[in-house]
Amino acid sequence: MPDRRKTGEEMLRGIPVSQGVSQGRVVVLNRSRIVPAKAGFEIDDQAGEEARLQTALAETRKQLTAVQERLRDEFGAKESQIFDAHLLVLEDPALMEEVGRQVRDEHHTPEYAFYTASEKYAEALSAVDDSYLSERAADIRDVTQRVLGNLMGQPQRAGVSDLTEPCIVVANDLTPSDTAQLDPAKVLGFVTEVGSRTSHTAILARSLQIPAVLGLGEAIEELKPGQTVLLDGFNGFVIISPSEQTLFEYGQLVERQSSIEESLDEIRTEPAKTLDGHTIILSANIERAGDVEAVRKSGATGVGLFRTEFLFINRSDLPNEEEQFQAYKKVTESLAPEPVIIRTLDLGGDKLLSHVNVAAEMNPFLGWRAIRLCLEEKDLFRTQLRAILRASAFGDLKIMYPMVSGMDELDAANVLLDECRDQLRAEGVEFAENLEIGVMIETPSAAMIADSLARCVQFFSIGTNDLIQYSLAVDRLNEKIAHLYEPTHPGILRLIKTTVDAGQAQKIWTGVCGEMAGELAMVALLIGLGVAELSVVPSLVPRVKMLIRSIEMAKARELAEFALNCDSPGEILARAEALAKAAVPDFFEKTA
Ligand code: PEP
Ligand code: MG
């Protein structure tokens, strides 16, 4: 490595969540809020200050109108109306009067005046328990930040839809809906202050194949607009002003990784079979119907998890039955005869609808989410169930309920499914009578009652992302406790084993569709525990397949046996990593 003090490069470290290396100029999105200090101006400057305010307001209007026009062109009039509310903030007579009064009578700077006046309104609106008013408060705060940026001559606060050139996006946070809007042609990589490996933002980055480093913490302040940085999504480094030597070393790393990818093409159509002849079903996780192409190219056996909620976000209305049917049919039909597991809506947690009024919750991941929401919003759920049933006539489609924590929820969901079946029969609409139903095992209670659940379903799919967060009480989004998020914790391994055993007792299979299934070091452990199916992001399918083809089931079982009798997550991890590294050493060579 070159001497960094001499070359001027600076290296920051975060959590690597999406592999790949990219280099580009930094564009900062929604960096932390501007909070102006209380400051006044000399009386003589009165006219100048008022003019400065007017210029900033005019500039803000111009920017908002430009964004609105672009949205109208790309997505239609309806989507662009979101910005009507933003423009109206700038016309609000009460707000403008208060800002003007503070500047005129109290000689506050326009920054401070605008901030305090708008914050007073936003706070008043947020205090009312009404989600429409809370959204208006968010609009006011959003517009205020734009005005302040213009007043202070700071680089423009851009949003994900404002990107014009290929760049590295730097943000405090990106929500899953922000991430879903990222255009891989423009976003070469992204870096955030918060977040961790199993957040849906990280999951989407892997799905879109955009290199990403999350959870940089305060170090993110070092990244300034316009800087050239190199982003290393393998190891979690962000290198400011990389030296020639560093660029050369990373160039070699990229070459080595691409030649591995090319060599994996040879096993695309081969089964995921261990050296001693045990076949594992290796399927893919998808978020959009358009991902089928990636699934086919990856060599996966169908889809093990279709996260349907991404059909519902980033839009101003709900998808109707026909639209959903077309999406599910497309995936099912294009992958037939391979199976496709459609997970019913898992809204809530970090995946929220922008247009449905859901009151903010103290603990969204423990709140109104997934099956809980669907069992109350019955029309929403029925619409989806009907669309899934209709699509089942076009291939091997299976249905899976998320976040089930007790038998009652499974029963209630099945009652609605039966109602939909009856309706379709009465309407003479075709669907697969023998549609298989599964549940996700992602709450500790579901794992503990797996014996009861196994009598009523045809398969289990373990959602380790949530199972780990709920069992270990570790928020899957929080980078501060990311070190406590341990897939090899004995508590987790025992819950997986309990689930697999309960399934086997009823002759049903258990898969894993959480991110643990795609962690190379975890693959042998999972199959050794008796997991029959692994479902991973399409880009990881070839590597996971190669790994399975390079190990013996006997060794995987030995590892699982060791793990079930070991108290230390660290020791289990070390043994699991050693096995994987011995099998596919090249996959672990990630440092430039
Ligand atoms: C999981 O929890 O492991 C899972 C696959 O579901 P999601 O990540 O969408 O919550
Ligand atoms: Mg989950």
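All ligand and atom numbering here is 1-based and tracks the order in the structure.
Atoms of ligand 1 lying under 4.0 Å from any heavy atom of G463, numbered from 1 in the order shown and given with element: 1 (C), 2 (O), 3 (O). Near R476, with a cut-off below 4.0 Å to any heavy atom, the atoms of ligand 1 are 2 (O), 7 (P), 8 (O), 10 (O). Annotation for ligand 1: atoms under 4.0 Å from non-hydrogen atoms of L305 are 5 (C). Using a 4.0 Å cut-off to heavy atoms of D466, the atoms of ligand 1 that qualify are 1 (C), 2 (O), 3 (O), 10 (O). Every atom of ligand 1 is numbered from 1 in the order shown, and the set under 4.0 Å from a heavy atom of E442 is 1 (C), 2 (O), 4 (C), 6 (O). Here is the list of ligand 1 atoms found below 4.0 Å of a heavy atom in I203: 8 (O). Near M440, with a cut-off below 4.0 Å to any heavy atom, the atoms of ligand 1 are 4 (C), 5 (C), 6 (O). Which parts of ligand 1 touch R307 is read off a 4.0 Å heavy-atom cut-off, strictly below it: atoms 4 (C), 5 (C), 6 (O), 7 (P), 8 (O), 9 (O).
Look at M516 and you'll find every heavy atom at least 4.0 Å from all atoms of ligand 1. The shortest heavy-atom distance from H200 to ligand 1 is under 4.0 Å.
Taking the N/O/S atoms of E442 in turn, the shortest distance to the Mg ion (ligand 2) belongs to OE1. Summary: OD2 is the N/O/S atom of D466 found nearest to the Mg ion (ligand 2).
The proximity of D346 to ligand 1, defined as any non-hydrogen pair under 4.0 Å, is limited to the side chain. Neither the backbone nor the side chain of L467 comes within contact range of ligand 1; no heavy atom lies under 4.0 Å. When non-hydrogen atoms are compared, ligand 1 lies under 4.0 Å from the side chain of R369 (C-beta onward) but not from its backbone.
At a threshold of 4.0 Å, the pair R307-D346 does not count as salt-bridged, since none of the basic side-chain nitrogens sits closer than that to a carboxylate oxygen. Checked for salt-bridge contact, E558 and K555 miss the test: no charged N lies under 4.0 Å from a carboxylate O. Look at R369 and E361 and you find no salt bridge, because none of the NZ, NE, NH1 or NH2 atoms lies under 4.0 Å from a carboxylate O. With respect to E515 and R197, no salt bridge is recorded, no charged nitrogen being found less than 4.0 Å from a carboxylate O.
A donor-acceptor pair shorter than 3.5 Å cannot be found between the side chains of N320 and E323.
For the pair E515 and ligand 1, the shortest N or O to N or O distance does not fall below 3.5 Å.
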Please report the C-alpha distance between E321 and T383 in whole Å, then the side-chain angles of each, then the deciding distance to 0.1 Å, and finally whether the side chain to side chain donor-acceptor pair (under 3.5 Å) criterion is met. CA-CA 5 Å; E321 179 182 319; T383 304; 5.8 Å; no

Is there a side chain to side chain donor-acceptor pair (under 3.5 Å) between D475 and Y485? Walk through the geometry before answering. CA-CA 8 Å; D475 180 349; Y485 189 95; over 6 Å; no

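Taken from CG in L345 to CD in E377, the straight-line distance is 10.5 Å, to the nearest 0.5 Å. Atom NE2 of H200 and atom CD1 of I313 lie 9.5 Å apart (nearest 0.5 Å).
Among protein heavy atoms, atom 6 (O) of ligand 1 sits closest to R343 NH1, 2.9 Å.
Remark: R288 fails to qualify as a cation-pi partner of F310 under the 6.0 Å distance and 45° angle criteria applied to the six-membered ring. Because its NZ or CZ atom is both nearer than 6.0 Å to the ring centre of F325 and within 45° of the ring axis, R390 counts as a cation-pi partner of that residue.
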